[in-house]
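Report on the structure given below.
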2 protein chains.
Amino acid sequence: MVYLECMTTAFTVGRVARLAGITVRTLHHYDDIGLLTPSGRATNGYRSYDETDIERLQQILAYRELGLGLDEIARAIDATNDIEVLAEAQRRIRERLDRLDRIAANLDSTIEARKKGLHMTPEQRLEAFGDFDPEEFADEAKDRWGGTPTYDESVRRTSSYTTDDWKRYRAEASNLDDRFLALMDAGIGAESDEAAQLVDAHRSLITRWFYECTPDIHAGLGAMYASDPRFRENIDKAGAGLAEFLSASIAARYRD
Amino acid sequence: MVYLECMTTAFTVGRVARLAGITVRTLHHYDDIGLLTPSGRATNGYRSYDETDIERLQQILAYRELGLGLDEIARAIDATNDIEVLAEAQRRIRERLDRLDRIAANLDSTIEARKKGLHMTPEQRLEAFGDFDPEEFADEAKDRWGGTPTYDESVRRTSSYTTDDWKRYRAEASNLDDRFLALMDAGIGAESDEAAQLVDAHRSLITRWFYECTPDIHAGLGAMYASDPRFRENIDKAGAGLAEFLSASIAARYRD
DNA sequence: GTAGACCATCCCGTCGCGTGAGGGTCAAGG
DNA sequence: CCTTGACCCTCACGCGACGGGATGGTCTAC
């Protein structure tokens with residue numbers, strides 16, 4: 001306003017900070033690194049921000065909201081035409097809004113699932129956060145186990161299991177583990193009739209919960225339990241040597 | 001899955017990182033500070049994340065998105081029931097969405113104003129960022145200058161000025177400054193007829209752009225130009241001593 | 001003239017990782 | 001059997017964006 005300028009312009013740090021919802025320290029910092037240097041100083045040395053400074057601050061804050069680094073912000077603002085800067089900030093903010101929307105939706109369905117007792121896969125839980133890789137993981141699993149009908153069926157069936165279902169399955173499995181371990185402790189061998197009965201129970205368990213487990217498949221699975229360290233470690237959690245014993249029992253059952 | 005567990009569970013750091021769109025280092029960090037400790041380690045020492053870990057990570061990421069510190073996140077998750085945690089995260093995310101919406105709307109109107117050449121006040125530019133203080137600033141100004149009819153009128157009129165309007169005003173004012181400075185340089189006194197003419201032009205300028213500037217008001221304004229350091233500094237930017245000279249000229253004009 | 005609210009400049013501290021350095025693990029292929 | 005490449009591990013230093021205190025000047029306000 002020139003003749004009336006000090007009425008409207010000439011903001012001190014504190015005032016700018018309050019208006020913008022930031023701290024004085026932040027303005028000092030922006031001055032230090034040259035991101036927002038106040039256009040003037042009063043005779044007492046106080047920083048004096050004018051309207052153009054505020055305009056720049058507006059742009060800075062818009063970009064900051066997106067998590068850009070201060071140097072990136074500086075480049076973004078200084079490089080291009082100022083209306084372009086705002087429009088770009090606009091676009092980025094809208095992207096951000098989309099992301100938050102996805103996350104909110106994800107939490108929604110997580111809460112829903114939790115209420116209904118439904119189970120969610122890890123991929124479902126994290127899909128809103130990763131930038132996007134719809135298949136990548138499923139592919140990884142398929143490369144190893146998949147393409148086979150048993151794998152596919154298992155995926156289909158387990159996808160609708162609730163958390164309670166999983167609990168019940170785990171209880172059943174744990175019970176079976178204990179019975180195997182009891183045999184081991186009692187010194188009853190893997191070739192015994194008792195072991196053969198438990199093997200049948202094991203096959204039935206897998207068929208009921210995952211896929212049609214034929215004797216052939218079961219034999220293959222049993223071999224893996226002992227040889228593949230991933231299965232082995234996992235099974236041995238229930239008791240040391242269980243993987244070996246289970247594998248031997250299965251092998252004995254189908255040996256004839 | 002117990003017997004099939006290694007097919008689905010047992011994620012390595014890299015896999016979790018890819019799924020969640022974060023870096024391995026971040027997972028290491030969360031492990032270091034105890035925010036997310038993998039539920040197990042493989043025999044080779046590799047971190048092994050299971051489904052419950054992923055669930056926790058989901059909650060962590062949701063909170064992180066809001067800019068909470070990691071210790072706050074830990075407290076939020078550990079303190080309360082887990083479904084409550086998710087619901088709370090939900091609420092915070094929605095707040096965040098609101099804020100971003102406000103900022104986007106603000107940028108919208110800024111861009112619109114820019115296109116139409118309209119002028120925006122600093123308060124308008126920053127209102128979306130500050131937590132909220134609708135009046136605070138206006139109050140500050142009013143405490144000093146306001147309540148007076150001249151101030152109110154000035155606010156009313158200038159609020160509709162475009163940036164071009166401001167440019168034209170500044171040009172006029174700058175021109176007037178130069179003419180005053182020319183008198184000073186020529187050694188023509190503040191009591192001269194030439195100065196009196198310029199004083200009238202100055203009063204007319206203020207009346208045309210801001211408010212009905214009566215001789216009384218003008219005299220008061222002139223006194224302030226010299227005495228109030230804020231006015232003085234601002235006016236002296238155009239030329240050292242201008243505030244003093246202008247003030248003296250105005251005083252002389254109305255002395256009779 | 002002194003109290004309280006601002007302002008200034010230094011400068012060390014913190015948080016959330018980034019980024020090597022230095023080294024083991026593990027299928028896959030020559 | 002050895003290598004290559006893609007993983008994994010543990011230090012440990014560094015950095016960006018401020019926070020926050022120390023120390024001291026400035027400015028209305030009673």
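In what follows, chains are A, B, ... by sequence order, proteins preceding strands, each numbered from 1. The structure displayed is predicted, hence computed values, not measured ones.
Residues A/I103 and B/L61 fail the side-chain proximity criterion, which asks for heavy atoms closer than 4.5 Å. By the 4.5 Å heavy-atom criterion applied to side chains, A/E51 and B/R125 are not counted as neighbours. Side-chain contact between B/F129 and A/L57: absent, with no pair of heavy atoms (C-beta onward) separated by less than 4.5 Å.
In the region residues 32-39 of chain A, proximity to DNA chain C at under 4.0 angstrom, judged on heavy atoms, holds for none of the residues. Within residues 60-69 of chain A, the residues approached by DNA chain D to less than 4.0 Å at the level of any non-hydrogen atom are A/R64, A/G69, in residue-number order.
Going from atom CZ of B/F11 over to atom C1' of D/dC7 covers 17 Å, rounded to whole Å. In this entry the distance linking CD of A/E72 with P of D/dG16 reads 12 Å, nearest Å. The separation between A/H29 atom NE2 and D/dG19 atom C1' is 11 Å, rounded to whole Å. Residue B/R41 contributes atom CZ, which lies 14 Å from atom P of C/dT25 at whole-angstrom precision. Following rounding to the nearest Å, A/Y30 (OH) and D/dA17 (C1') show an atom-to-atom distance of 8 Å. Here the C1' atom of nucleotide C/dC17 and the CD1 atom of B/I73 are 13 Å apart, to the nearest Å. One interatomic measurement links the two molecules: OH of A/Y49 to P of C/dC7, which rounds to 10 Å at whole-angstrom precision. Taking atom CG on B/L27 and atom C1' on C/dC17, their separation rounds to 12 Å, with Å as the unit.
Using a cut-off of 4.0 Å between Lys/Arg side-chain N and Asp/Glu carboxylate O, A/E123 and B/R15 are scored as not salt-bridged. Between A/R102 and A/D98, none of the side-chain N atoms (NZ, or NE/NH1/NH2) sits under 4.0 Å from a carboxylate O, so this pair counts as no salt bridge. One finds no salt bridge joining A/R96 and A/E65 here, because no Lys/Arg side-chain nitrogen approaches an Asp/Glu carboxylate oxygen to under 4.0 Å.
Remark: the backbone N or O of B/G69 is paired with a side-chain donor or acceptor of B/E72 at under 3.5 angstrom. Without hydrogens or angle criteria, B/R56 side chain to B/L35 main chain gives a donor-acceptor distance under 3.5 Å.
Comparing C/dC7, D/dT10, C/dC17 against the side chain of B/R47 picks out D/dT10 as the nearest. Residue A/V13 has its side chain nearest to C/dC7 when only D/dC9, C/dC7, D/dG19 are considered.
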Write down the protein N/O and nucleotide N/O pairs, taken from nucleotides 21-26 of chain D, whose separation is under 3.5 Å; answer none if there are no such pairs.
{"from": "D/dG25", "atom 1": "N2", "to": "A/Y46", "atom 2": "OH", "distance (Å)": "3.0"}

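Note on A/H28: every side-chain N or O is 4.0 Å or more away from OP1 and OP2 of D/dC18. OP1 or OP2 of C/dG18 has at least one side-chain nitrogen or oxygen of B/T23 nearer than 4.0 Å. In terms of phosphate contacts, B/T12 brings no side-chain nitrogen or oxygen within less than 4.0 Å of OP1 or OP2 of D/dC7.
Under the 30°/60° scheme for interplanar angles, the aromatic rings of B/F180 and B/H202 are found to stand perpendicular.
Within the structure, the side chain to side chain donor-acceptor pair (under 3.5 Å) test picks out the following pairs touching residues 31-41 of chain B (sequence neighbours left out): B/D31-B/R41, B/D31-B/R47, B/S39-B/D50, B/S39-B/D53.
Taking A/Y63 as the reference, A/L66, A/L68, A/I73, A/A76, A/I77, A/V85, A/E88, A/A89 meet the side-chain contact (heavy atoms from CB on, under 4.5 Å) condition, with sequence neighbours excluded. Residues passing the side-chain contact (heavy atoms from CB on, under 4.5 Å) test with A/A104 are B/Q90, B/I93, B/R94, sequence neighbours excluded.
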